[in-house]
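Beneath this line is the structure, given in structure tokens, with notes to follow.
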Amino acid sequence: MEEVLICDSAAVEEGGKGVRFPVVAFGDAATGFVVRYGGQPYAYLNRCAHVPIELDWFQGEFFESSGLYLMCSTHGAIYQPDSGRCMGGPCTGGRLRPIPVREVDNKIYWQPDEHIRPPGP
Ligand code: FES
């Protein structure tokens with residue numbers, strides 16, 4: 001499947017706001033998100049490992065205040081930004097579903113697979 005453009009690289013700041021993008025995940029409409037950590041973009045399905053709901057209370061706010069972990073706004077599970085592994089909270093040891101991304105020519109693209117694909121026909 002072809003890569004899909006998410007946004008310009010400049011839209012995703014280190015430890016700052018992430019960018020959401022629409023996906024169909026396992027047959028349901030959902031969102032993915034991309035954040036930057038250690039200079040690299042990382043993307044995940046926007047679905048907590050505890051209860052399958054979105055992590056961000058305010059759209060695009062995925063990092064907790066230190067900028068070191070992603071945090072679920074519902075019960076406060078924290079995740080490593082580069083592995084998606086849950087390091088604390090009700091789903092410790094669980095993980096976010098990664099979505100492969102690639103940064104080329106100042107743009108960030110995601111790679112659909114058999115389970116997570118772009119919306120539309
Ligand atoms: S739904 Fe995310 S920690 Fe409970």
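Counting begins at 1 with the first residue of the sequence. Counting starts at 1 for both ligands and their atoms, following the listed order. Quick caveat: nothing in here was measured; it's all calculated off a predicted structure.
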Q: Considering only NZ, NE, NH1 and NH2 on the basic side and carboxylate oxygens on the acidic side, decide whether Asp56 and Lys17 come within less than 4.0 Å.
A: no
Q: Enumerate the protein N/O/S atoms at a distance below 2.8 Å from atom 2 (Fe) of ligand 1, ignoring waters.
A: Cys48 SG, Cys72 SG
Q) Would you call Arg102 and Glu3 a salt bridge, using N to O less than 4.0 angstrom? A) yes
**Q.** Hydrophobic cluster identity match, Tyr42 and Leu70, side-chain contacts under 4.5 Å
**A.** yes
Q | Connected via hydrophobic side-chain network under 4.5 Å: Val51 and Phe62 | A | no
Q.
If you compare all heavy atoms of Met1 against all heavy atoms of Gln111, which two are closest, and at what distance to 0.1 Å?
A. O-NE2, 2.7 Å
**Q.** Under-4.0 Å salt bridge between Arg117 and Glu2
**A.** no
